[in-house]
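Every chain is numbered from 1 and lettered A, B, ... according to where its sequence line falls, protein lines coming before strand lines.
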Amino acid sequence: MNGPTKTTISKTTKLFLTPKISHYQSLLKHYAATRSLTRTKQLHAHLTNSGLLSTRFLPALVAAYGQCGCVLNARKLFDELPQRGTVLYNYMIKMYVNNGNYFEAMKVFVEILQSKDCCPDNFTYPLVIKACSELVLVEYGRAVHGLTLVSKFGSHLFVLNSLLAMYMNCGEVEEAKRVFDAMKEKSVVSWNTIVNGFFKNGFANTALMIFNQMVDSGIETDGASVVSVLPACGYLKELEVGRRVHGLVEEKGLGKKIVSNALVDMYAKCGSMDEARLVFDDMVERDVVSWTSMINGYILNGDPRSALSLFKIMQIEGLRPNSVTIALILLACASLNNLKSGRCLHGWVIKQRIDSEVGVETSLIDMYAKCNCFGRSYSVFKRTSRKKTVPWNAMLSGCLRNDRATEAIGLFKQMLMEGVEINEATCNSLLPAYGIVADLQPVNNINSYLTRSGFVSNVQVATSLIDTYSKCGSLESAYKIFNAIPIEVKDIFVWSIIIAGYGMHGHGEIAVSLFKQMVQSGVKPNDVTFTSVLQSCSHAGLVDEGLYLFNFMLKDQQTNPNDDHYTCIVDLLGRVGRLDEAYSLIKTMPFMPSHAVWGALLGACVIHENVELGEVAAKWLFELEPDNTGNYVLLAKLYAAVGRWEDAENVRHRMDDMGLRKAPAHSLIEVRTV
DNA sequence: GAAAGAAGAT
């Protein structure tokens with residue numbers, strides 16, 4: 001082994017005795033890279049005390065403080081510098097961006113633009129564009145985009161990638177697509193950004209399509225690629241596609257924790273808890289997101305009990321739940337109507353001092369409201385800061401759930417007075433209250449508020465408003481709002497609501513014609529729309545139309561007729577006395593007819609005095625809902641109608657025997673007077 | 001010295 005030579009020893013000694021400027025600079029560089037704030041401060045003090053601090057060190061110090069996130073020191077030194085290069089400006093911008101102080105980052109950018117001797121470069125632009133993106137200042141972003149085009153960095157890959165992300169984050173999907181398509185050189189990051197961006201903007205199908213293009217064009221996918229596409233698979237419940245992505249993960253060895261978490265979430269959302277569990281059990285290291293995703297999966301798949309037990313295991317294994325976990329567990333408690341566990345958890349979050357996190361507060365309000373504890377719900381709400389919108393929304397929907405429509409409206413007025421921001425969810429929670437109160441004047445007021453504030457351009461809000469108007473009996477106003485929605489925005493829900501509105505008020509023809517318009521506009525009817533339109537036919541006695549639509553549904557094969565649909569048709573045929581046809585239809589049903597179907601038949605038999613079929617229907621009804629006095633009353637009415645008093649009396653005795661005396665007296669009196 | 005990436009409630 002060779003020891004240190006004489007020359008190296010003398011070099012080192014020299015360095016200790018007379019440290020060079022470059023030595024300090026490389027030390028500062030090292031501190032910046034390792035983010036050692038204490039050492040930076042120590043060296044800073046040393047340089048000051050020994051009188052060595054000259055402007056030559058300032059840039060390196062600014063960089064080190066900047067990297068360590070020590071904003072104040074960095075800014076002070078930066079301001080003292082007589083001359084600043086682009087590199088230093090970039091350090092400042094980066095520091096502010098890393099600290100989430102995007103406004104300050106933008107200010108420094110303006111300083112560069114105003115400075116005489118330096119210009120933004122390919123490092124400046126991505127940072128500034130990120131700041132615009134985080135602030136959702138798309139107009140500034142566009143201006144910066146313009147600046148890059150007149151600079152020489154307009155086609156720099158990193159600059160373009162950050163522009164993609166910015167446009168996507170600001171909802172400017174078209175613009176992002178334009179930039180992407182025009183890029184001569186694309187990296188895996190460009191593809192990932194665009195896939196993720198499409199998904200986040202509600203275009204899950206496009207996200208999947210572009211991911212496929214990416215794989216086909218031979219781009220080397222990385223962990224971020226799969227993490228970008230998996231949420232889209234989950235959202236679309238594309239289990240097969242998800243499995244293929246999983247295959248890709250195995251093949252390329254991308255199985256990091258974050259990827260496994262995304263896989264667990266995907267399988268859970270696709271309804272395959274077994275596969276989710278396999279990935280979860282296979283993980284070497286699980287974090288709170290892994291556990292929370294599994295818990296969420298059990299809840300989504302209708303198994304809140306497993307969610308609760310997994311939550312217990314999680315705590316035994318020493319993982320600390322966060323506000324997301326708490327929100328989910330409270331949801332599980334609410335769905336099980338398990339107030340005890342909910343209160344227990346409430347106690348726990350108080351002890352953990354996370355009870356004043358807005359997400360936790362909201363979930364507590366929601367849980368108590370769903371467990372019919374309106375008082376507790378309200379007392380949690382009263383203790384919130386009342387500045388954030390979400391707890392108010394939870395309280396509003398809690399009022400509705402507990403039959404307190406008037407209080408909900410009062411709460412909304414208070415929200416306006418206290419200057420709390422209103423969002424779409426507020427409107428959607430609130431509007432049903434006006435439908436219940438069913439007074440037109442307040443609805444007109446809220447309508448003008450929603451129009452002024454622009455919320456009505458949201459299709460969900462418009463749908464709620466249409467529903468509210470039709471519940472108040474003002475179809476004219478309902479139609480006005482419906483008509484103002486552009487045809488391409490009209491979705492299945494808004495069509496169903498307007499059809500139901502006309503149907504409810506006996507305008508069957510209009511309902512049917514709207515239904516036909518909907519099909520023509522390319523919106524595929526679902527079971528709810530069919531129910532609405534068939535009920536409309538039934539209310540208006542449109543037999544032929546109803547049968548035509550029912551056959552359309554059978555032929556179309558997109559929706560399978562459900563119990564409600566059969567009930568409508570039985571009702572429709574029954575009303576016009578086509579009782580045999582109704583009975584034959586019931587016999588062809590592919591599943592057990594419910595009490596509603598038999599009830600419709602019995603009702604029709606009473607009107608048309610058909611004892612034979614009435615008895616068949618009644619027999620089924622007594623079996624399906626033995627405690628429903630209404631059915632006995634109907635049968636007795638039928639007997640009475642045809643003069644079979646003895647049988648009518650027998651039905652009454654049968655009711656007595658079964659202890660169904662609770663029947664309202666007037667219905668029995670009615671039997672006698674028929 | 002730079003770009004993208006997972007869970008929840010209204």
Side-chain angles (χ1 to χ4, degrees), chain A residues 29 32-33 63 66-67 86-95 97-98 121-130 133 153 156-166 168-169 187-197 199-200 222-231 234 254 256-266 268-269 287-297 299-300 321-332 334 357-367 369-370 388-398 400 423-430:
Chain A
K29 213 169 172 182
Q67 288 286 84
T86 305
V87 177
L88 221 51
Y89 277 108
N90 289 349
Y91 267 121
M92 291 300 287
I93 297 180
K94 187 185 166 200
M95 173 185 72
V97 167
N98 287 344
D121 64 9
N122 53 322
F123 296 110
T124 323
Y125 285 118
L127 287 166
V128 173
I129 294 166
K130 162 128 183 165
S133 170
F153 305 108
H156 194 278
L157 181 64
F158 283 26
V159 173
L160 288 169
N161 281 347
S162 50
L163 280 170
L164 287 180
M166 187 270 294
M168 280 300 195
N169 196 37
S187 68
V188 63
V189 175
S190 328
W191 286 91
N192 293 351
T193 310
I194 213 88
V195 168
N196 188 266
F199 173 69
K200 290 240 164 105
D222 62 7
S225 321
V226 293
V227 172
S228 299
V229 78
L230 284 170
L254 302 171
K256 288 210 188 96
K257 188 167 71 183
I258 176 167
V259 172
S260 301
N261 285 350
L263 280 171
V264 169
D265 177 60
M266 180 276 294
K269 293 216 168 101
D287 61 8
V288 61
V289 178
S290 329
W291 288 88
T292 309
S293 303
M294 275 306 286
I295 288 171
N296 182 34
I299 294 173
L300 286 179
N322 63 17
S323 63
V324 180
T325 329
I326 300 297
L328 284 166
I329 292 302
L330 286 170
L331 194 70
E357 272 187 33
V358 65
V360 174
E361 287 174 336
T362 309
S363 317
L364 281 169
I365 295 169
D366 187 55
M367 182 274 295
K370 282 178 179 158
K388 294 265 169 61
T389 310
V390 254
W392 286 85
N393 291 354
M395 200 60 243
L396 279 176
S397 70
L400 264 297
N423 64 18
E424 270 104 22
T426 319
C427 306
N428 288 327
S429 304
L430 172 75

Identify whether any heavy atom of [X] sits under 4.0 Å from a base atom; if not, whether one sits that close to sugar-phosphate; answer base, sugar-phosphate or nothing.
X: A:Lys388; answer: nothing
X: A:Asn322; answer: base
X: A:Asp287; answer: base
X: A:Lys200; answer: sugar-phosphate
X: A:Asn296; answer: sugar-phosphate
X: A:Val227; answer: sugar-phosphate
X: A:Lys257; answer: nothing
X: A:Asp121; answer: base
X: A:Lys370; answer: sugar-phosphate

**Asked** Can you give the first and last nucleotides of DNA chain B, 5' to 3', that have an atom under 4.0 Å from a heavy atom of chain A?
**Response** B:dG1 to B:dT10

**Message:** Applying side chain to side chain donor-acceptor pair (under 3.5 Å), can you list everything that pairs with A:Ser162, at least two apart in sequence or on another chain?
**Reply:** none

**Message:** As an exercise, state the distance from OG of A:Ser190 to CG of A:Asn161, rounded to the nearest 0.5 Å.
**Reply:** 3.5 Å

**Test item: A:Ser260 side-chain N/O and A:Lys256 main-chain N/O as donor-acceptor pair under 3.5 Å** = yes

**Asked** Is there a donor-acceptor pair under 3.5 Å between the side chain of A:Asn169 and the backbone N or O of A:Ser133?
**Response** yes

**Request:** Could you walk me through whether A:His156 and A:Tyr125 pass the side chain to side chain contact (heavy atoms under 4.5 Å, CB included) test, one step at a time?
**Result:** CA-CA 10 Å; A:His156 194 278; A:Tyr125 285 118; over 6 Å; no

**Prompt:** So, A:Ser228 versus A:Asn192: side-chain donor-acceptor pair below 3.5 Å or not?
**Reply:** no

